[in-house]
Structures are given as C-alpha cells and as structure tokens.
Protein chains: 2
Amino acid sequence: MTYGMMIEALAAPTRRAVFERLAQGPASVGEVAKGLPVSRPAVSQHLRILKEARLVSERREGVKRIYAVDPEGLAVLRRYFDRFWDQALDNFKRSIEGGDT
Amino acid sequence: MTYGMMIEALAAPTRRAVFERLAQGPASVGEVAKGLPVSRPAVSQHLRILKEARLVSERREGVKRIYAVDPEGLAVLRRYFDRFWDQALDNFKRSIEGGDT
DNA sequence: CATACTGGTAAGTGATGACTTACGGAATGA
DNA sequence: TCATTCCGTAAGTCATCACTTACCAGTATG
C-alpha cells in the first residue's frame with residue numbers, strides 16, 4: 001500500500017512542486033520555501049508527508065537539514081504504473097483480436 | 001499540466017480502486033460499483049473525474065456505458081515519472097562522485 | 001551568555017471533496 | 001404505452017487538508 005501514500009503525497013500541487021524542486025537537486029527547507037509562494041512551515045509540513053511516503057530522504061548537516069528525492073521510492077511508483085501499463089496493453093490487444101466471445 | 005490532474009485523480013483510494021478494476025478489463029458502471037463498498041452514483045462521479053483526466057475512456061453500448069483505461073493517459077504518467085527517475089539517478093551519481101567541492 | 005540562524009510543531013481557519021439520497025432521462029422488451 | 005434497467009446529476013453533509021501565525025528547540029558565532 002506504500003504506493004498509495006506516494007500518489008496521495010504527490011497529489012497536492014504545492015507538495016508536488018516541492019518534490020519537483022528536490023528532483024533538480026538536494027536542498028534545505030529554506031531554499032525550497034524561497035522558490036515557492038507559501039510559508040516555510042508549509043514547506044516543512046509537505047516535506048514531512050513526502051518523507052513518510054518514502055519519496056524524499058532527510059540528511060542533517062550542521063544546523064541545516066538537506067532533503068533529497070529517494071530513488072527507491074520513485075522505483076516503487078514506477079513499478080506500480082508499469083504493471084498497469086502491461087495490463088492496459090494486454091486488454092488493448094485482446095479487444096483488437098475481437099476476443100469478446 | 002495534464003499529469004497533475006491524473007495524479008490527483010488517482011489519489012483518492014476509492015477512485016484508485018475504480019481505476020484498478022478497469023485495468024483488469026473494461027466494465028460498466030454497475031459492474032464496478034458491485035465490487036466496491038460505495039454507492040453507484042459515487043462510482044459514476046469517480047469515473048467522470050478519471051475520464052476528465054484522460055485516464056479512462058467511455059464507450060456506449062446500448063443502454064450501457066463501458067469504461068476502460070486509456071493507454072495514452074497512462075503513457076503520459078509514465079513519462080512524467082521516468083523524467084524524475086532520470087534526474088534522481090543523475091543526482092545520485094553526482095553525489096557519489098563527491099562533486100560537492 | 002546573547003544573538004542569529006536553522007527548522008519542526010501547535011492551533012485555528014477556510015476551502016475542497018468524497019460520500020449519501022432523491023430525482024430525471026434515455027434505451028430495451030413486453 | 002408501460003415497466004425495467006441503466007446511469008448521470010443535484011443538493012446536502014461531514015471530514016480532511018493545505019495554509020496561516022505564533023511559538024519553541026537546537027546549533028553556531030560575537
């Protein structure tokens with residue numbers, strides 16, 4: 001069910017923006033907040049959700065906390081959609097072959 | 001921005017269940033509703049969202065409406081995640097190569 | 001110690017959204 | 001035409017959630 005949390009995490013536009021920012025490269029909370037039209041606490045809350053969903057990881061560096069996307073989490077999501085992709089192609093093929101006996 | 005609508009569409013658990021049911025094969029509204037713990041109108045509303053997001057397509061068959069997943073929509077989502085996958089691998093490589101001089 | 005950064009947490013608010021029941025409307029079969 | 005089956009839509013409700021401001025804790029630097 002972990003992919004469920006991931007999809008829900010990426011559903012909120014602002015949170016998706018946070019994630020896409022981190023995809024460009026690791027950043028601190030303040031750095032992410034600077035590029036977004038929301039407050040820093042809002043970003044902090046979004047990062048918590050993303051971290052719980054295993055989409056980003058946190059690394060402490062002195063007084064800062066550096067967040068980065070977690071490749072393993074992304075892999076889970078990719079596998080999820082790949083599965084449906086295969087099923088969809090299967091169904092599509094079957095429907096063409098007129099197999100609705 | 002169409003992938004945004006898609007992710008938001010798949011965020012709701014019930015709606016994701018509707019989509020996953022259709023991934024197994026096309027079905028009518030009633031058939032989908034029969035396998036879920038929600039009312040038929042609820043399923044109907046979910047299907048509308050999924051259709052607007054281009055994740056499913058509708059085909060009229062007599063008095064019935066057959067819904068099926070739209071492979072093109074799925075392709076858009078896959079491309080979206082593939083892009084981040086590539087970026088994530090790039091960042092990962094860079095971080096290993098100790099490039100934080 | 002005092003100050004200035006960092007950032008997580010609490011509490012409150014306004015909006016969104018996922019449901020329900022009730023209804024209407026189109027196609028089939030007698 | 002009448003009844004039946006299929007389904008979308010309207011309206012209302014309850015919960016969730018994304019955001020704000022205010023506050024507090026930890027780490028450097030004078």
Side-chain angles (χ1 to χ4, degrees), chain A residues 1-22 24-70 100, chain B residues 1-22 24-70 100:
Chain A
M1 283 305 163
T2 173
Y3 62 83
M5 286 179 62
M6 293 180 182
I7 297 177
E8 289 162 30
L10 292 178
T14 300
R15 196 156 52 227
R16 195 165 54 243
V18 169
F19 178 77
E20 295 180 359
R21 165 63 184 83
L22 291 184
Q24 315 257 5
S28 68
V29 179
E31 286 170 348
V32 174
K34 202 168 300 178
L36 291 177
V38 295
S39 68
R40 184 193 48 76
V43 171
S44 200
Q45 290 160 7
H46 285 311
L47 284 169
R48 191 165 73 89
I49 305 286
L50 289 169
K51 197 174 64 175
E52 287 173 356
R54 307 277 181 198
L55 279 171
V56 310
S57 59
E58 176 195 338
R59 165 181 101 236
R60 315 204 45 157
E61 195 165 284
V63 73
K64 293 194 180 180
R65 295 153 191 230
I66 308 297
Y67 289 86
V69 331
D70 181 350
D100 62 3
Chain B
M1 285 301 163
T2 173
Y3 62 82
M5 287 181 60
M6 292 180 182
I7 298 176
E8 289 163 30
L10 292 178
T14 300
R15 196 156 52 228
R16 194 164 55 243
V18 169
F19 178 77
E20 295 180 0
R21 165 63 184 84
L22 291 183
Q24 315 258 3
S28 68
V29 179
E31 285 170 347
V32 174
K34 202 168 300 179
L36 292 176
V38 295
S39 68
R40 184 194 49 75
V43 172
S44 201
Q45 291 160 7
H46 285 311
L47 284 169
R48 191 164 74 88
I49 305 286
L50 289 170
K51 195 174 63 174
E52 286 172 356
R54 307 278 181 199
L55 279 172
V56 310
S57 60
E58 177 194 338
R59 165 181 100 236
R60 315 204 45 157
E61 195 166 282
V63 73
K64 293 193 180 179
R65 295 151 191 233
I66 308 296
Y67 288 86
V69 331
D70 181 348
D100 62 4

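Since we're looking at a predicted model, the values are computed, not measured. Naming convention: chains lettered A, B, ... in sequence-line order (proteins, then strands); numbering from 1 in each chain.
Using a 4.5 Å heavy-atom cutoff, the side chains of B/D70 and B/V56 are not in contact.
Scanning atom types as modelled, one donor and one acceptor separated by under 3.5 angstrom connect the side chain of A/Q45 and the base of D/dT20. Not a single donor-acceptor pair, N or O on each side, falls under 3.5 Å between the base of C/dG7 and the side chain of A/R48. Between the side chain of A/R60 and the base of C/dG7, no donor-acceptor pair of N or O atoms lies under 3.5 Å.
Distance A/R65 CZ to D/dA28 C1': 15 Å, rounded to the nearest Å. Atom pair A/R59:CZ and C/dT6:P shows a separation of 17 Å (rounding to whole Å applied). When rounded to the nearest whole Å, the span between CD of A/E61 and C1' of C/dT6 equals 13 Å. Atom CD1 of B/I49 and atom P of D/dG8 are 13 Å apart (whole Å). Separating the CG atom of B/L47 from the C1' atom of D/dG8 is a distance of 11 Å, rounded to the nearest angstrom. Atom pair A/K64:NZ and D/dA25:P shows a separation of 23 Å (rounding to whole Å applied). Atom P of nucleotide C/dA27 and atom CD1 of B/I66 are separated by 16 Å, given to the nearest angstrom. Going from atom CZ of B/R15 over to atom C1' of C/dT16 covers 12 Å, rounded to whole Å.
Between D/dC6 and B/S28, no contact under 4.0 Å exists linking OP1 or OP2 to a side-chain N or O. For A/Y67 and C/dT6, the shortest distance from a side-chain N or O to OP1 or OP2 is not below 4.0 Å. The side chain of B/S44 contributes no N or O atom lying less than 4.0 Å from OP1 or OP2 of D/dC7. The side chain of B/H46 contributes an N or O atom lying less than 4.0 Å from OP1 or OP2 of C/dC19. For C/dC19, one of the phosphate oxygens OP1 or OP2 lies less than 4.0 angstrom from a side-chain nitrogen or oxygen of B/T14.
Without hydrogens or angle criteria, B/R21 side chain to B/V32 main chain gives no donor-acceptor distance under 3.5 Å.
A/E61 and A/R59 are joined by a salt bridge, as a carboxylate oxygen and a charged side-chain nitrogen come within less than 4.0 angstrom of each other.
Of the candidate nucleotides D/dT5, C/dA22, C/dC19, C/dA22 has the atom lying nearest to any side-chain atom of B/P41.
The structure places CZ of A/R48 at 10.0 Å from OH of A/Y67, a figure rounded to the nearest 0.5 Å. Distance check: A/I49 CD1 to A/L55 CG gives 11.0 Å after rounding to the nearest 0.5 Å.
Each of A/R40 and A/A12 has a nearest nucleotide on DNA chain D; the 5'-most of these lies closest to A/A12.
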